[in-house]
Chemist: 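Shown below is the structure under consideration.
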Amino acid sequence: MKTVNFGPVKTLTYNRLRILEARFNLHILLNEENEVKEAKKVPHRDFYNIRKVDNHVHHSACMNQKHLLRFIKHKLKTEPDTICAIRDGKEITLLLAR
């Protein structure tokens, strides 16, 4: 928390974000038309080949490696029979996915 509230760090990160946003906006201005044309060329447009990306990500929504591993281990211990996927008509549980 000390780093977040440290004035010079706030200034540096704010300026860096402004620079990145300006570069991104320039990229959009220069390449938007080309990306739209390329996306329209694909005859089977669906969720998997859409070019637009939602980059509005909150830092608080992220997990570090240790937290993710702890979550996976907890789910394996508490819910081993939970269905994760269905492939070829077969239900795949956490234990079978190993």
Chemist: Taking transitive links into account, so neighbours of neighbours count too, which hydrophobic residues share a cluster with Leu30 at under 4.5 Å side-chain distance?
Modeler: Leu26
Chemist: First locate atom CG of Leu20, then atom NE2 of His27, and finally report the distance between them rounded to the nearest 0.5 Å.
Modeler: 13.0 Å
Chemist: Can you name the residues that form a salt bridge (Lys or Arg N to Asp or Glu O under 4.0 Å) with Lys37, not counting sequence neighbours?
Modeler: Glu33
Chemist: Kindly compute the distance separating OH (Tyr14) from CD1 (Ile19), expressed to the nearest 0.5 Å.
Modeler: 11.5 Å
Chemist: If you measure from CD on Glu21 to CZ on Arg18, what distance do you get to the nearest 0.5 Å?
Modeler: 9.5 Å
Chemist: List in chain and number order the residues that pass side-chain hydrogen bond (donor to acceptor under 3.5 Å, both in side chains) with Glu79, two or more places apart in sequence or in another chain; answer none if no residue qualifies.
Modeler: Lys75, Thr82
Chemist: Nearest 0.5 Å please: distance from the CG atom of Asn25 over to the CD atom of Glu32.
Modeler: 11.0 Å
Chemist: Quick one: are Leu94 and Cys84 in side-chain contact, heavy atoms under 4.5 Å?
Modeler: yes
